[in-house]
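Counting from 1, the numbers follow the sequence of the chain as shown.
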Amino acid sequence: MILKFNKLKLTLLVSFCSLFFFAQNSVTKKEESYAETSTSQNKKLQDLGYAELVMLVQNDPKTFIKNEKEIYNSKKKTDDKIDVLLLASEAYSAKEDYKNMLRRLFQAKEIVDSAGSEQKKIGVRLVIAKQYQILGLNDRAKKEILESLHHLNTTPENKNTARLKVSSFHTLAAIDMADSTTVNNQTITYLDSASFYINRAPHFAQIEREKVSLFFDKGAALMLLKKYDEAKINFSQAKKIIVQYPETSFILPYINLGFGAIAYEEKDYNTAIQYFNQAIDQTSDDERVGTDIKESAYEYLTKTYKALGDTKNYMLYNEKWQKIAKKKSTQIRNGVLQALDEVEKEQKQTLYRKYSTTINYFIVIALVIIFGLVFL
């Protein structure tokens, strides 16, 4: 299968499957609309509510990062401080500053483990798992999710636990789909479980985006399993939701890539070309999203024109594809692994300093006691 859905997931999941909506707070349509207005009215950043901060991170991560310390210090409740750290990790991720992204995630985990509720602990772990999955650290992501699911399964079910399960099962499916060779019937089961729980979760602003995501992902998984008719049904269901909720229209190029990929596999090359060109035309101005879509579309168009024996277009799109592929190479993954290694070393050094300080404290106390016993 040529279409690399793992590359699409990097931005697709960040864009509309963010766990800030599932693991932390439910943002209503009214709150989202208000947030868009208030963040554009020069309101003091320390006075922004959660929904407003979410909008700020999505629209202007640079400003959030610049004022992160001020926003963090303005929050009095532990849970609110944790949310700021998680949003900061998203902002740094958007700027591809993986070291600071990981620092904020680990700091949030440290705080929630010492002072957070059980549900908050689960939520933070799911956010961390989501970021691990997006960065390709799938073993770490799966470990965090399975631990969270273990706790969720021992917690009385309600609407809040339902939304956490949606995120858990959806991310497990995304991990499988990071490598087309690992997609199997279990992947479909994960997606079906997520769909089951989404109907039990509270309805809020991002819910339709999540539904579109689930239909798209199930279609992609079925496509990788060569169940093309079922895949097309799920892609079509996703399109129906997009018609009803135009704010989800940025997902359309991914769906058209899926339809095009199926047409290619079925050797319907002219139809495939139409879908790939539609995906390119619908590409977002966001460089991260646009690059992923174009890379897959150009790769497919290269293969399609080769199959048609059209040398001129084959050379044209092969050049475009290789240009993008060389730009991306393995720099992101290497940057992530280096950042992870450095941050974990920092954590060990901090732990060592704390341990040494504690030991030295007890040594001093012991010496004082011994001195007292000997000389007094």
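For the pair Lys227 (side chain) and Leu222 (backbone), a donor-acceptor distance under 3.5 Å is absent. A donor-acceptor pair is defined here as one N or O able to donate and one able to accept, closer than 3.5 Å; no such pair exists between the side chain of Lys165 and the backbone of Tyr197. In terms of modelled atom types and a separation under 3.5 Å, the side chain of Ser296 and the main chain of Ile293 share no donor-acceptor contact. The main-chain N or O of Glu70 is never found under 3.5 Å from a side-chain atom of Asn67 such that the two would form a donor-acceptor pair. Asn234 contributes a side-chain N or O that, together with a main-chain N or O of Glu230, makes up a donor-acceptor pair within less than 3.5 Å. Remark: side-chain polar atoms of Thr302 are paired, donor with acceptor, to backbone N or O of Asn318 under 3.5 angstrom. Within the 3.5 Å criterion, the main-chain N or O of Leu191 finds a donor-acceptor partner in the side chain of Ser195.
Put simply, the side chain of Leu152 reaches to within 4.5 Å of the side chain of Ser168, judged on heavy atoms. The shortest side-chain heavy-atom distance between Leu87 and Ile71 does not fall under the 4.5 Å cut-off. Between Leu301 and Lys320 there is no side-chain heavy-atom pair separated by less than 4.5 Å. Contact check for Phe215 versus Ile242: no side-chain heavy atoms found under the 4.5 Å cut-off. Using a 4.5 Å cut-off on side-chain heavy atoms (C-beta onward), Leu225 and Ile188 make contact. Residues Lys240 and Gln244 have side chains not in contact (no heavy-atom distance under 4.5 Å, counting atoms from C-beta outward). The closest side-chain heavy-atom distance from Thr187 to Thr182 is not below 4.5 Å. Gln131 is listed as a side-chain neighbour of Met101, based on a closest heavy-atom distance under 4.5 Å.
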- Message: Checking Tyr132 against Ile175 for the side chain to side chain contact (heavy atoms under 4.5 Å, CB included) test, could you report, in this order, the C-alpha distance in whole Å, the side-chain angles of both residues, the deciding distance, and whether it holds?
- Response: CA-CA 10 Å; Tyr132 278 157; Ile175 290 170; over 6 Å; no

- Query: Passes side chain to side chain contact (heavy atoms under 4.5 Å, CB included), Glu210 versus His170? Steps please.
  - Reply: CA-CA 9 Å; Glu210 181 72 8; His170 200 168; 2.7 Å; yes

- For side chain to side chain contact (heavy atoms under 4.5 Å, CB included), just list the numbers for Tyr305 and Ile273, CA-CA rounded to whole Å, side-chain angles, deciding distance to a tenth of an Å, and then say yes or no. CA-CA 9 Å; Tyr305 282 117; Ile273 289 170; 3.6 Å; yes

- Message: Applying side chain to side chain contact (heavy atoms under 4.5 Å, CB included) to Lys211 and Tyr245, what does each step give before you reach the verdict?
- Response: CA-CA 11 Å; Lys211 286 180 180 178; Tyr245 297 89; over 6 Å; no

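Cation-pi contact between Lys232 and Phe259: absent, since separation from the ring centre below 6.0 Å together with deviation from the ring axis within 45° is not met.
For the atom pair NE2 of His151 and CG of Asn153, the computed distance is 10.5 Å after rounding to the nearest 0.5 Å. Distance check: Lys95 NZ to Ile65 CD1 gives 6.5 Å after rounding to the nearest 0.5 Å. Note: Asp176 CG to Asp217 CG = 11.5 Å, rounded to the nearest 0.5 Å. Taken from CG in Asp97 to CZ in Arg103, the straight-line distance is 8.0 Å, to the nearest 0.5 Å.
Across Asp268 and Thr271, no two heavy atoms sit closer than the pair OD2-OG1, 2.9 Å. Lys81 and Tyr72 make their closest contact through NZ-O, 3.1 Å (heavy atoms, listed as atom of the first residue, atom of the second, distance). The shortest heavy-atom contact between Ala141 and Ala129 is CB-O, 3.3 Å. Taking every heavy atom of both residues into account, Ala297 and Ile280 meet most closely at CB-CG1, 3.7 Å. Between Pro253 and Ser249 the shortest heavy-atom distance is CD-O, 4.0 Å. The nearest pair of heavy atoms linking Ile128 to Leu105 is CD1-O, 3.8 Å.
In this structure, Tyr298 and Tyr317 have tilted ring planes: the angle between them lies in the 30° to 60° band. Ring geometry, Tyr264 versus Tyr300: the interplanar angle exceeds 60°, so the pair is classed perpendicular (tilted spans 30 to 60°).
The neighbour count for Asp139 CG, taken as heavy atoms of other residues, nucleotides or ligands under 6.0 Å away, does not exceed 12. No more than 12 heavy atoms of other residues, nucleotides or ligands shown are found within 6.0 angstrom of NZ on Lys306.
Taking a cutoff of 4.0 Å between a charged side-chain nitrogen and a carboxylate oxygen, Asp83 and Lys77 do not qualify as a salt bridge. Using a 4.0 Å cut-off between charged side-chain N and carboxylate O, Glu266 and Lys226 make no salt bridge. We find that Asp113 and Lys120 are not joined by a salt bridge, their nearest charged nitrogen and carboxylate oxygen being 4.0 Å or further apart. Note on Lys109 versus Glu144: salt bridge recorded, some NZ/NE/NH1/NH2 to OD/OE distance being below 4.0 Å.
If you check the side chains of Gln133 and Asn138, you find no donor sitting under 3.5 Å from an acceptor. Between the side chains of Tyr92 and Arg104, at least one donor N or O sits under 3.5 Å from an acceptor N or O.
Hydrophobic clustering, with ILVMFWY side chains joined whenever heavy atoms are under 4.5 angstrom apart, groups Leu308 together with Phe276. Hydrophobic cluster membership is shared by Ile198 and Phe196, with clusters built from Ile, Leu, Val, Met, Phe, Trp and Tyr side chains linked at under 4.5 angstrom. Following chains of ILVMFWY side-chain contacts shorter than 4.5 Å, one cannot reach Leu224 starting from Ile233, and the two form parts of different hydrophobic clusters.
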